[in-house]
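As the structure is a prediction and not an experimental result, all values here were calculated from the model.
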Amino acid sequence: MKIEELEKRLLAVADASQAQPMKAYMKNHFDFLGVRTPVRRKVARQFFKEYKAQGIDWDFVEACWAKPYREFQYIAIDYLVSKKKDLVFADLLRLKKLAQTKSWWDSIDGLDKLVGKIVLDNPEAKETILEWSVNDDFWLRRIAIDHQLLQKEKTDTELLEKILVNNLNQTEFFINKAIGWSLRDYSKTNPAWVRTFLDKYRSQMAGLSIREASKYI
């Protein structure tokens, strides 16, 4: 897929007045063209429709990731979501590289369910995600914590507990928030399991994690 054509289309719909507010929202970590999410997704959908290809075009994904404007990373994630049925075990290494480049909560939270799809489809990937859960890079740990979001009855609770326990007694906001989110999401499916987890590990959990986890129970 031709990233130059995509860039031309994004520039045509960009609102320069929105670029600075969007950058500020992301704590000035990234530059923006000023393309709002609904507009960006409309452009991306049409672009993907016109440039259909067999499998995943990783050259396109990496080219998007290399661009300085954050909209391109969002489009790369949207593209991967549209092709998630084609993700294979070997793609975990590619996703890891993306996760550790230009890292912030927005890209990490877009990648975690893609990682989750691979782990769900490939039991041998559990060992890898457990390794991520103790990595020095807390963004990888956040992905490990939240990779089973929305999997409901398919959630591997043994794996989830191991990952969460690996990340208790933390002061990092993004980790404690992720723990709360993972438990809150699963509480909609199995509130008893979440209550048991909270009772067992409450003394090791941050207040933020407990508040998030308890929202629906």
Side-chain angles (χ1 to χ4, degrees), residues 22 24-27 29 36-38 40-41 70 73-74 77-78 80-82 84-85 87 92 95-96 98-99 103-123 125-135 137-217:
M22 294 168 80
Y25 182 67
M26 287 298 158
K27 304 296 185 184
H29 287 297
R36 291 180 177 274
T37 298
R40 184 194 77 238
R41 286 180 172 161
R70 196 59 166 171
Q73 283 92 69
Y74 296 155
I77 291 170
D78 287 343
L80 288 171
V81 169
S82 75
K84 65 182 180 181
K85 64 180 177 58
L87 288 167
L92 268 183
L95 295 178
K96 181 182 181 183
L98 298 182
S103 309
W104 196 239
W105 65 262
D106 53 344
S107 57
I108 295 302
D109 292 357
L111 294 169
D112 57 15
K113 296 179 194 65
L114 297 170
V115 170
K117 173 69 165 55
I118 294 175
V119 178
L120 183 63
D121 291 346
N122 301 273
K126 292 180 184 180
E127 181 179 346
T128 300
I129 207 69
L130 279 170
E131 291 172 358
W132 288 20
S133 77
V134 294
N135 195 282
D137 185 345
F138 71 82
W139 291 119
L140 283 185
R141 301 207 310 273
R142 182 176 168 99
I143 286 180
I145 292 166
D146 281 344
H147 84 279
Q148 294 193 82
L149 287 177
L150 304 180
Q151 290 189 8
K152 300 181 179 180
E153 293 84 2
K154 295 180 180 179
T155 299
D156 182 333
T157 53
E158 181 180 355
L159 178 62
L160 177 61
E161 183 168 1
K162 287 179 180 178
I163 289 171
L164 294 180
V165 169
N166 284 343
N167 286 277
L168 298 181
N169 296 305
Q170 297 287 312
T171 58
E172 171 55 56
F173 169 84
F174 287 111
I175 291 298
N176 290 330
K177 188 80 169 179
I179 290 171
W181 277 352
S182 64
L183 290 170
R184 181 181 67 185
D185 178 68
Y186 190 54
S187 75
K188 300 173 187 176
T189 300
N190 191 342
W193 188 92
V194 175
R195 289 192 195 97
T196 299
F197 184 94
L198 290 173
D199 289 343
K200 187 176 181 180
Y201 297 108
R202 186 179 299 270
S203 64
Q204 301 173 59
M205 295 177 67
L208 172 62
S209 300
I210 295 170
R211 288 193 300 274
E212 290 287 345
S214 305
K215 186 171 182 180
Y216 301 122
I217 58 176

Could you pull out every donor-acceptor pair under 3.5 Å between side chains of residues 208-217 and any protein atom, sequence neighbours left out?
unit_1: S209; atom_1: OG; unit_2: N176; atom_2: O; d: 2.7
unit_1: E212; atom_1: OE1; unit_2: R184; atom_2: NH1; d: 2.8
unit_1: E212; atom_1: OE2; unit_2: K177; atom_2: NZ; d: 2.6
unit_1: S214; atom_1: OG; unit_2: I210; atom_2: O; d: 2.7

Please tabulate, for side-chain N and O atoms in residues 197-206, each donor-acceptor pair with protein atoms closer than 3.5 Å (sequence neighbours left out).
unit_1: K200; atom_1: NZ; unit_2: E161; atom_2: OE2; d: 3.4
unit_1: Y201; atom_1: OH; unit_2: E161; atom_2: OE2; d: 2.7
unit_1: Q204; atom_1: OE1; unit_2: N169; atom_2: ND2; d: 3.4

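- Between S182 and I145, the closest heavy-atom pair is CB-O, 3.5 Å.
- Two residues are said to be in side-chain contact when any heavy atoms from C-beta on lie closer than 4.5 Å; L111 and L114 meet this criterion.
- Counting only N and O atoms by type, the side chains of R70 and S107 include a donor and acceptor under 3.5 Å apart.
- To the nearest 0.5 Å, the span separating CG on L149 from CD1 on I143 amounts to 11.5 Å.
- Taking NZ of K113 as the reference point, atom CG of L120 lies at 14.0 Å (rounded to 0.5 Å).
- Nearest heavy atoms, A144 versus I163: O-CD1, 3.6 Å.
- Considering CH2 of W104 and CE of M26, their distance stands at 9.0 Å, rounded to 0.5 Å.
- With sequence neighbours excluded, no residue forms a side-chain hydrogen bond (donor to acceptor under 3.5 Å, both in side chains) with T155.
- In this structure, the side chains of L95 and L80 come closer than 4.5 Å at one or more pairs of heavy atoms.
- At a threshold of 4.5 Å between non-hydrogen side-chain atoms, the residues Q151 and D185 do not count as touching.
- Counting heavy atoms from C-beta outward, D109 and R142 have side chains that approach closer than 4.5 Å.
- Contact check for I179 versus I175: side-chain heavy atoms found under the 4.5 Å cut-off.
- Closest approach of N167 and S133 over heavy atoms only: ND2-O, 3.1 Å.
- Between Y186 and W193, a ring centre-to-centre spacing shorter than 6.0 Å is recorded.
- At a cut-off of 3.5 Å, with distance as the only test, no side-chain donor of R141 or N135 sits close to an acceptor on the other residue.
- With E172 contributing its side chain and F174 its backbone, the two residues share a donor-acceptor pair below 3.5 Å.
- Rounded to the nearest 0.5 Å, atoms CD1 (I118) and CG (L87) are 4.5 Å apart.
- With ring centers used as reference points, W105 lies 6.0 Å or more from W139.
- From D121, atom CG reaches atom NZ of K84 across 10.0 Å, with rounding to the nearest 0.5 Å.
- Within a 6.0 Å sphere centred on NZ of K188, other residues, nucleotides and ligands contribute more than 12 heavy atoms.
- Between the D156 side chain and the L159 main chain, a donor and an acceptor come within less than 3.5 Å of each other.
- The side-chain heavy atoms of L98 and Q73, taken from C-beta on, include no pair separated by under 4.5 Å.
- For the atom pair CG (L150) and NZ (K117), the distance works out to 14.5 Å, reported to the nearest 0.5 Å.
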(request) Go through V115 and W132 one step at a time and tell me if the side-chain contact (heavy atoms from CB on, under 4.5 Å) criterion holds. (result) CA-CA 11 Å; V115 170; W132 288 20; 3.9 Å; yes
